[in-house]
Each structure stands twice: as structure tokens, then as C-alpha cells.
Amino acid sequence: MAELIGGVGTSHVPAIGAAVDHGKTQDPYWKPVFDGMQAARDWVARTRPDVCIVVYNDHASCFSLELTPTFALGVASHYEPHDEGYGPRPVPRVEGAPELSWHLAESLILDEFDITIASQMTVDHGLTVPLSVLFGQPESWPCRVIPLCVNVIQYPPPTGQRCLKLGQAIRRAVESFPGDLRVAVIGTGGLSHQLQGERAGLINAEFDQRWLDEFVTEPDKAAAHDHVELLREAGSEGLECVMWLVMRGALQPEVEVVHRFYHVPASNTAYGLLVLEDAARASRPLAAQPA
Amino acid sequence: MAELIGGVGTSHVPAIGAAVDHGKTQDPYWKPVFDGMQAARDWVARTRPDVCIVVYNDHASCFSLELTPTFALGVASHYEPHDEGYGPRPVPRVEGAPELSWHLAESLILDEFDITIASQMTVDHGLTVPLSVLFGQPESWPCRVIPLCVNVIQYPPPTGQRCLKLGQAIRRAVESFPGDLRVAVIGTGGLSHQLQGERAGLINAEFDQRWLDEFVTEPDKAAAHDHVELLREAGSEGLECVMWLVMRGALQPEVEVVHRFYHVPASNTAYGLLVLEDAARASRPLAAQPA
Amino acid sequence: MNPTPRDYHDIPGTYVFDGAHQRKGYWLNMFCKSLDLAANRERFRAAPADYLAGFPMTDAQRDAVLLRDWLGLLRLGGNIYYTFKLAIFDGLSMQHVGAAMSGTGMTVDDFRQMMVSGGRPAEGMRSRRENREACHG
Amino acid sequence: MNPTPRDYHDIPGTYVFDGAHQRKGYWLNMFCKSLDLAANRERFRAAPADYLAGFPMTDAQRDAVLLRDWLGLLRLGGNIYYTFKLAIFDGLSMQHVGAAMSGTGMTVDDFRQMMVSGGRPAEGMRSRRENREACHG
Ligand SMILES: [Fe+3]
Ligand SMILES: [Fe+3]
């Protein structure tokens, strides 16, 4: 049976990808951000997930206005990085995990989630930047990836509650997969930022920190902020933090914080990073985890 | 406030469309089928819906294997008939109802249905044949149409229960629309048939009739047949009867049967037709309904 | 992918288009889908094997296409709504294909007659297991 | 469509991309999306007005494109992820566009400085109604 080994929340700011790609991670502007990532990199190196389910949004890259799936789950054998106008990011091709993907798709749909099944898709910075955050610049990504693309561009995105429930259903689905896989869920996006309008540049660190507190200890409360409140407090693009809640739902109600980091700014965004394990798992002696 | 005036269930057999288009409705083979439709045509002429929400499936026409939405809701101003290999059907362009469509999309997503929003799509026989069933061959369709496209080709389709719940949510959404519209819901597909394999041609009239009985009086029971049972009893393509349940959910638990018709065969299919009104509405004196 | 056994594999003569089936037949079905375009239909008509070579299909799938092995196409991952595009290309009806898939030498007229007489009965076609038990029981 | 008032219309300087907004800006955004392709970028660079004429947009939308009126584009139904494709076409950064949209004559260096200093504070930017009440209260 597959095992849910933990979750990561991280912003997916494109500028972070650019900093990695152009060797600027040690520039004074970026060093604090990348220093803050180290503990997450250590965690993922230690826990070595076989598959990461990356919950992200597409930014008018692979999807366009013709068709807007609320939840699109990738079932492909691989995903090419999308050209977002600067040429595709110089990162490895993303290798899929079609058996587990199809198992998720089938389980989730029978569990009353109205998933869109994506057999061919490209992935943009929303997915590849979190991989760079966790893995740096390897020759090939050290794990297989299942993209779960959430609409947060076209109003309305799914509610926080719906995202939390989807995470719970993903947990059930992973644990019913008849394969010996270690699976992590990566929630991406946010935290507070607004790219558009006269409020462009909005950051609300107070709201973010309070929301992160709730996220860890009272996920139902973190999920209960409605869209208007998120738009108001976290900014029109900060609303994408609902995607973290899919990760949170996949973990048990009681979690242990392995790492928490928050930094303003990363480009126009409040950068947040959180690594969680189920409390039950975290309290196991380290020897019980793979070295 | 918009009003839900009733529901129709009908198979969407392509051969019925061809019989209309090629003037064969009075042929001995087709006459009984079209005679059986008359009462539904009378009902729709009498009740004159402004908008029909047509729940149908696409047959590898507009959608393909790349992307399979479980529920795709059209929000376009119009929809062209798709060329399914014989040239597009010679039927009027389907005019949309974008205000109500967007209201539905927004309401349903906030109500935890993971709708795919479709801004540009063509519609195949799954949608246009039911219009021909209800309206014959007019110069232009006498009502606007909202396509709700359900995946029933890629296993697994949404469950019967999920479809019933979606119907209930559609009812709530329609009744919260601030416009004076008369809305009908048309569930299409089925009844028993199988197009593929050594079982091609399967018909199960006994199952269909029992399912129709449940559908009218015990919708939860009709919705509870799981996919394996539907595949076994109604055939691999008969499974698409789950789409009728969206219509059923949009009506009240107590309904009045305005018309019920069943005929074998229409091409390879058991043809079923059902017209329902809420019991409360049906008992109103006729004078209270528009002439 | 070795498909895990599913309850519906017990249903005789029925090829459920689940994930395993979709993966197996992906390019076969996408070839069929490509026939939606008149230009592709012309290319396929002019040089069938060359046209098929443009899709990453198995040789068995290509052969089944060229032989119009309607049942074989399903077994190799085809979905009836896609393979039927090939039948439309040939000017065949669904009843034609239905007869061919029956695998009993049925003609299209036999098939039509079966439908007019109420269709293929479900009796004896529900479950491989039940059929086996009925045989040996 | 006359958009019905929504709670989020109370948030200042924020253009929520809801159904009403999407319908208004559909072709404006699809024009921006078309710039994903290098061939289209060349055509647009060579003859901007001709290229725009190929999309069923309003004159106001076309003018806002030609003038790079970043705020106007949002008001006319643009979505930032689409209009930003035009900025990428111009070689501009999101901070450039952010400064321009602020509508206060902010330079890109001002904007960068604002971000380094903790970003634009939410205080006074939460609610038009609250701001009015604070003014008149
Ligand atoms: Fe994002
Ligand atoms: Fe159908």
C-alpha cells in the first residue's frame, strides 16, 4: 500500500525559478529566501518520496479561456515544461506516475470529486518552481510527479473547504493504491500578493502568519475564509493559497511542523514555506525512516 | 427569480436525428417512436421554457482523450453543431444563455461541484437529437440552451448519486438567479444499449422499466445502482442513463409523470422518454400556466 | 500497466474503457480521432500504412486497423466511439460493426433483425462466473 | 451583461476576473494569448493595428493595447496573466506593470523599493465603503 509521507506548502513565484536558472540564488536579494529553503530540501532528501502530487495552477499557459477545469489531474507518462514567453525553463522533463494517477482519478471521481482527466499537458512555473525549491538543479528530478492543476484564475476558484476535502479524498485514494510508494503532497501558490490593479504589490504578513497558524493547528478554520475575505486580505492572487489546503487535507488533523519559513518579498509576493508530517509519523524514531 | 418548470428524459440516439433530417419520421420503422414523442412536444409547446439545460455527453466530438472533464458547463453565447463525419447536422445553431450559465457555474463551484467552464464548444448529436425530439425542425430553436456535458465514455463516469446531487444544486442555482426565466432540465442518453464487443445490441427492457419506476418514485434508489451493475444490466453505453439523474435531482422528490414512453429498438438502443413536473406544480390548475 | 482485476471484467463481451484500457489504446484512438479532418481522411485513403506510421501504435493495432478487425480494435485498447470513426470512413453503420463484433458470423441483416426483435437478451450475458457455474454446476 | 454588484466590488483597485469580466474581456485576453506563438508575435510587431483587427475586440480595447494602458486593459476585461503576455512581448517585468497600474506615477524603482520594504500595506486598501466612512465619519 502506498504511504502518505508528508506535505509541503510553498509559493511558486516565477522569479524564484529565474533565480535558480540564472545562478542568482546567492545574490543578496535571494540568499535569505534560498537559505530559508534548506531545511525543506534536507527533509525531502531524507524522506525521499517516490511520487510528489503537486497541486498548482496554470497561468494561462497550457489552459486558456476556452476551457477552465476546476481540478485537472495529469495521468500522462511525462510533462514538458511550458514556454511562458521566455522559452521553456531549462529544467528536466517532468516524469509522471500514470498508474497512481489513474488510480487517483478513478478513486476521486467515484468519491464524488468531478475531476478533469488530463492525458496530455504541459506544466508551467506553477509546477516547476516548487520542484526547483525542493530539488535545486538536478540532471533529472529525483521523483515522479502527478500534476493536480487547480483553477484559481477564473473566478470562482474552488472553496478552501472543497480543497481540504479533496486532500482528504487524495489521502484515502493513496492509501488504497496497491503499490509500495512513498507519496508527498506539495501545495503551492500564495501567500499574500496581488499582481493587478491599483493595489498591485499588496502584502499582508499579519494575515499570512495568522493563516499559517490556523493551517497547522485548525485547518478547518484556515479553510473557512471565503473568497471575498481572501481577495481582500491576501490579494487577488493570494487567493491561490487555497491550493495549500489540498495538501493539508491529505495529512492527519494533528501534524508536526518540520519547517516553517516566511519572507517578504520574493518579487511581488510574500514567500511562504511549510513542511508538515502527520504527528503520529513525526514522533517515530528517526531510525524507522529511510536514511 | 428563475423557475424550474419541469424535466425531460430522452435517449439521444443519432439515428433519430438522421430520421428527422432525412424525412423518415413516418416510415414504419420510425413512426411508433415519433408518435411516442408527441406528448412531450405538446408539453414543451405548452410550457414554453425560455432555457433548456441539456445534460448530455460528447461522443469523441468536441472533446478527445487529451482532456476529459467530468462535468463541462457551456457559458458561450452560441454553439455550432459538430461535424461527426457526415457533415454537421442541418439544424439551427444552438443559442446559449450566458448570464444564466455563468450564474450556474459560479453557484455550482461555490457549492462544491468541480465544474469545468467551457467558453467555446461545439455540440454533437448528444445535445442536438434531444432538441429535435422536443422541437422537430424549426427555423431556429424556440429556446436558449445551456449544455452540460458529462463524461460517460472514459471510465469512471460520475456516480448516479453525484449526478442526482448535481441536479439538486442546479435547482438551488436556478432558483437564486435574479431573472424571470422558465427553465427546464433535459437529461439525455440511455436507456439500455451496448454498441461494443460481443454483447453489442444488448437491450434489457425489464431493467429499464424497473429503473424508470424507481426514477420517478424513488430517485435515491435509481441513483444507487453502481457502475458495475449498470454496465452489466443496461450495457456499456446504457450506463449513460446517469445523466437523467441530473434532471431528476433538479425536480422535487414528489413528481407527476406528464408522459412516459418506451420503445425497442431505435437503432441499437432502447428508446426511453419521460416528462416530469414537480407534483406541486402539476396539481396547479392549467390556467395558471401560460397557454 | 498490468490492469488489476475489476468487477466489470466479469461481464462477457464488454471492454470497459478504464485507465488501463485508455493507456493501451491512446494512439490507436487518436489515430481514429484524426479522421475527423477531411485532409487526414484523404491521406489515410491514399496511403493507409504510411499514414498509420505517423502514430506511435503497436504493429498489432496497425494490423487491426488495416484488417478492420472491429473486435480486435477494442481488445487492443480501442474505444467504440473512436473506432466507429473508422467505420464512418468506410461508410459502415453501427449495426454493421455491431454484427462484426458479435463474433458469431452474424450478418448486418441478422443484427438488424435481432434489434427489431427486442435486442440481444441479457440472459446468459451478465457474468462469466455465473456462466461458468451454470456450465459446471 | 450588466454585472450584478458583488461583495468583492467593494475592494479597491482590484478587478476580479468573474464571469462578467471574462465575457467583456474574452477576445482581448485571447489576443494576448495568441502572443504565445512566435509567428504571431512577429505579425503583431510588424503591423500592430492590422493584427488587432483580426480579433473581435472593442476599439477601446484595441486602443488600450496600443497605448499599453495596463490599468485600462484590466478595466476593459483583461486578466493580468493574459495582459502580462503583452508585457513580456515588450520585455517588461511584472514590477514594471505593477508600478504602471498603481496609477500614482510610481516608477519601477519606487515599486521595487515598496516591495523590499514589505509591500503595499493592506491598511486603507481593504474596502471602499470603509474608506468612505473613514473620510466622512
Ligand atoms: Fe500562481
Ligand atoms: Fe450517448
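Reckoned from all heavy atoms, side chains included, excluding hydrogens, waters and symmetry mates. Here is how names work: the chains are called A, B, and so on, in the same order as the sequence lines, proteins then strands, and each is numbered from 1.
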**Item:** Minimal non-hydrogen separation, B/Tyr155 against A/Glu106, with atom names
**Value:** O-OE2, 4.2 Å

**Request:** Heavy atoms only: give me the nearest B/Pro157-A/Leu110 pair and the separation to one decimal.
**Result:** O-CD2, 4.4 Å

**Asked** Among A/Thr68, A/Leu65, A/Thr70, which one satisfies side-chain contact (heavy atoms from CB on, under 4.5 Å) with B/Ile117?
**Response**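 Only one option passes, and that is A/Thr68.
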
**Message:** Within the supplied structure, the quantity of interest is the number of heavy atoms (other residues, nucleotides, ligands) at a distance under 6.0 Å from A/Glu254 CD; does it exceed 12?
**Reply:**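 12 or below, so no.
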
**Item:** CD/A/Glu80: more than 12 non-hydrogen atoms of other groups inside 6.0 Å
**Value:** yes

**Asked** Say you draw a straight line from CD of B/Glu112 to CZ of A/Arg162; how long is it, rounded to the nearest 0.5 Å?
**Response**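 It is 5.5 Å, given to the nearest 0.5 Å.
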
**Prompt:** Looking at A/Thr159, A/Thr116, A/Asp114, which has the largest count of heavy-atom pairs under 4.5 Å with chain B?
**Reply:** A/Asp114

**Item:** Toward chain A, the part of B/Gln161 with a non-hydrogen atom under 4.5 Å
**Value:**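 Both parts, backbone and side chain.
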
